[in-house]
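Worth saying up front: this structure is predicted, and the values here are computed from it rather than measured.
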Amino acid sequence: QVQLVESGGGLVQAGGSLRLSCAASGRTFSSYAMGWFRQAPGKEREFVSRISRRGGSTYYADSVKGRFTISRDNAKNTVYLQMNSLKPEDTAVYYCAADAGGVPITIPDRYEYWGQGTQVTVSS
């Protein structure tokens with residue numbers, strides 16, 4: 001089992017940056033690819049990014065490509081999401097999740113374990 005705890009959210013002005021962290025417990029962190037999702041009020045949970053188990057492969061939603069960067073440090077059991085050039089439409093609760101495989105990587109059902117989320121608010 002993997003327990004995930006996100007941190008690093010907050011309030012930032014448009015154009016600013018934030019770095020989210022997701023700390024994992026357990027010795028099996030490196031055996032999971034990891035994803036980031038977000039959910040705005042009244043909207044469905046939306047795929048943001050995914051990173052492979054060793055970090056050699058990354059994938060981004062078109063809406064964040066070129067602005068967000070996902071990375072991981074398996075020695076620290078942590079995955080990161082660096083968010084630059086933030087826009088008001090990036091406002092959401094951001095979740096990290098452990099990839100269990102199966103359905104396409106953009107589908108939340110693919111992910112086995114989830115954190116509690118961290119709020120990101122971007123003011124205009």
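Side-chain contact between Leu4 and Tyr95: absent, with no pair of heavy atoms (C-beta onward) separated by less than 4.5 Å. In this structure, the side chains of Glu89 and Ser63 stay at 4.5 Å or more apart for every pair of heavy atoms. Between Pro104 and Arg110 the shortest side-chain heavy-atom distance does not fall below 4.5 Å. By the 4.5 Å heavy-atom criterion applied to side chains, Ser7 and Thr118 are not counted as neighbours. For the pair Trp114/Arg45, a side-chain contact is recorded, criterion being any heavy-atom separation below 4.5 Å from C-beta on. Contact check for Tyr111 versus Ile105: side-chain heavy atoms found under the 4.5 Å cut-off.
Closest heavy-atom contact between Ala14 and Ser124: CB-CA, 4.4 Å. The nearest pair of heavy atoms linking Arg53 to Ser31 is CD-O, 3.0 Å. Counting all heavy atoms, side chain and backbone alike, Ala92 lies closest to Ala40 at CB-N, 3.8 Å. Closest non-hydrogen pair, Leu20 versus Gly9, comes out as CD2-N, 3.6 Å. The two atoms that bring Gly8 and Leu18 nearest to each other are O-CD2, 3.8 Å, heavy atoms only. A pairwise comparison of heavy atoms in Ile70 and Tyr60 identifies N-OH, 2.9 Å as the closest pair.
The distance from the OG1 atom of Thr106 to the CZ atom of Phe37 is 7.0 Å, given to the nearest 0.5 Å. Atom CE of Met34 and atom OG of Ser49 lie 11.5 Å apart (nearest 0.5 Å). How far CZ of Arg72 is from OG1 of Thr58: 12.0 Å, rounded to the nearest 0.5 Å. Taking CZ of Arg38 as the reference point, atom CE of Met83 lies at 9.0 Å (rounded to 0.5 Å). Atom CD1 of Ile51 and atom CG of Leu81 lie 10.0 Å apart (nearest 0.5 Å). Taken from CG in Asn77 to CD in Gln3, the straight-line distance is 12.0 Å, to the nearest 0.5 Å.
Tyr94 and Phe68 have tilted rings, their planes meeting at an angle from 30° to 60° on a 0 to 90° scale.
Annotation: side chain to side chain contact (heavy atoms under 4.5 Å, CB included) contacts of Arg67 (sequence neighbours excluded): Val64, Ser85, Lys87, Asp90. Here Lys43 pairs with nothing under the side-chain hydrogen bond (donor to acceptor under 3.5 Å, both in side chains) rule; sequence neighbours left out.
Counting non-hydrogen atoms of other residues, nucleotides and ligands closer than 6.0 Å to OH of Tyr59 gives a total of 12 or fewer.
Hydrophobic clustering of Ile, Leu, Val, Met, Phe, Trp and Tyr side chains at less than 4.5 Å, counting indirect connections, keeps Phe47 apart from Val120.
Although no hydrogens or angles enter the test, the distance criterion places a donor-acceptor pair under 3.5 Å between the side chain of Glu6 and the main chain of Gly117.
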